[in-house]
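Notes follow the structure.
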Amino acid sequence: MPIINRIAGMKDEITGWRRDFHAHPEILYDVHRTAASVAEKLTSFGCDEIVPGIGKTGVVAVIKGRKQGSGKVIGMRADMDALPLDEITGLSYASKTKGKMHACGHDGHTAILLGAAKYLCETRNFDGTAVLIFQPAEEGGAGGKAMVDDGMMDRWGIQEVYGMHNQPGMALGTFATCPGAMMAASDRVHILVEGKGGHAAKPHLGIDTVLVASHIVVAMQSIVARSVNPMDNAVVSLCMFHAGSAGNVIPQTAELTGTARSLTPKVRDLLEARIVEIAEGTAKLFGATAKATYKRDYPVTRNHARQAAFAASIAAEISGREMVNDNIMPVMGGEDFSFMLEARPGAFVFFGNGDTAPVHHPAYDFNDEAIPAGVSFWARLAETAMPA
Ligand code: NI
């Protein structure tokens with residue numbers, strides 16, 4: 001069963017919503033305009049219940065099927081937030097806000113779930129309740145966790161939950177998922193090295209934090225190479241190195257900031273332990289001190305096998321089996337839909353954005369040609385999970 005005709009007919013309207021979101025990006029929890037626009041559209045479609053302010057600025061909408069005998073409740077989630085960077089696309093609908101941009105396609109995700117809401121309100125061809133989840137702060141603010149912590153799953157009796165993210169480089173109309181770990185646990189690393197500042201011409205009187213922190217950076221690369229089992233997956237990236245203010249001053253402190261990624265609790269524990277040991281031990285070697293902080297951020301996005309297979313079967317109905325990979329290799333990016341998957345069984349799927357700039361790139365733009373397949377996926381998922 002291909003793209004739903006009614007949905008194909010809604011493509012221009014949904015594209016209009018998407019480009020309006022794109023022109024007005026908002027970041028983290030500050031998605032007031034977007035959330036208000038989402039709630040207004042959901043109201044015009046005739047949703048049975050619309051509740052803003054879940055997880056600070058999230059919006060939850062309820063659509064009841066024509067039949068209410070099954071007692072089934074299916075959650076479907078989109079993220080609404082943009083990123084703090086400057087857009088360089090030059091598009092007519094490019095960001096109107098300097099320093100903010102929809103560079104991850106959450107504008108597309110939101111518009112697509114709205115399209116599904118419109119279709120499901122019109123047709124209601126299912127037996128049960130669809131709960132549409134529009135979350136803030138996916139990009140580093142744990143908005144998904146905030147909505148779960150706000151009691152969303154229990155309040156609406158959500159039994160299963162699904163999420164979707166576009167992927168540049170995957171052909172339009174293709175979908176991908178897998179059972180088990182699909183995206184990594186994403187943790188924050190911060191290391192403050194303290195030495196002894198002084199004159200650059202008298203290094204013997206100081207303790208050079210640039211040298212100490214440099215050794216820490218190099219030693220950290222031994223964790224994946226020499227501490228993690230080669231059959232496991234891990235990433236340690238130190239991405240910021242801040243020290244010094246003049247060419248003739250040995251700085252008193254140096255600061256390293258980065259991220260650690262893993263797919264299992266065992267590897268996550270190992271990364272935390274080794275990062276702290278290496279930072280503190282290396283600093284000690286040179287007579288300096290280091291304070292290493294390892295903050296556990298997003299957990300592993302772990303799909304439940306039955307729901308992942310179900311989502312893949314829906315994607316195959318829309319696009320054809322040859323367009324669906326139901327066993328992709330996990331990726332080491334993080335995703336806060338993981339918190340929803342810890343609360344309820346469900347699955348996350350990628351869908352193709354075609355040959356566009358990668359996400360988080362200043363030239364990225366969500367591909368509107370992906371809209372019909374995306375909306376059809378949500379619509380069929382609700383109708384098939386809760387057959388009338
Ligand atoms: Ni994203």
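Keep in mind that what you see is a predicted model, and the values were worked out from it rather than measured. The basis for the numbers below is simple: all heavy atoms, side chains too, and nothing from hydrogens, waters or symmetry mates. One-based numbering, in listed order, for ligands and for the atoms of each.
- Here the CG-CD distance, from Leu114 to Glu13, works out to 10.0 Å after rounding to the nearest 0.5 Å.
- Here 3 is the count of protein N, O or S atoms positioned under 2.8 Å from the Ni ion (ligand 1), waters not counted.
- For residues 255-264, the side-chain hydrogen bond (donor to acceptor under 3.5 Å, both in side chains) pairs, not counting sequence neighbours, are Ser186-Arg261, His190-Glu255, Thr259-Arg261.
- The shortest non-hydrogen separation linking Ala312 to Asp326 is CB-CB, 3.7 Å.
- For the salt bridge (charged side-chain N to carboxylate O under 4.0 Å, His left out) test, no residue two or more places apart in sequence or in another chain qualifies with Asp208.
- Ion pairing of Arg296 with Asp269 is present here, as a side-chain N (NZ or NE/NH1/NH2) and a carboxylate O approach within less than 4.0 Å.
- Scanning for side chain to side chain contact (heavy atoms under 4.5 Å, CB included) contacts around Arg6 gives Ile4, Met10, Lys118, Tyr119, Glu122, with sequence neighbours left out.
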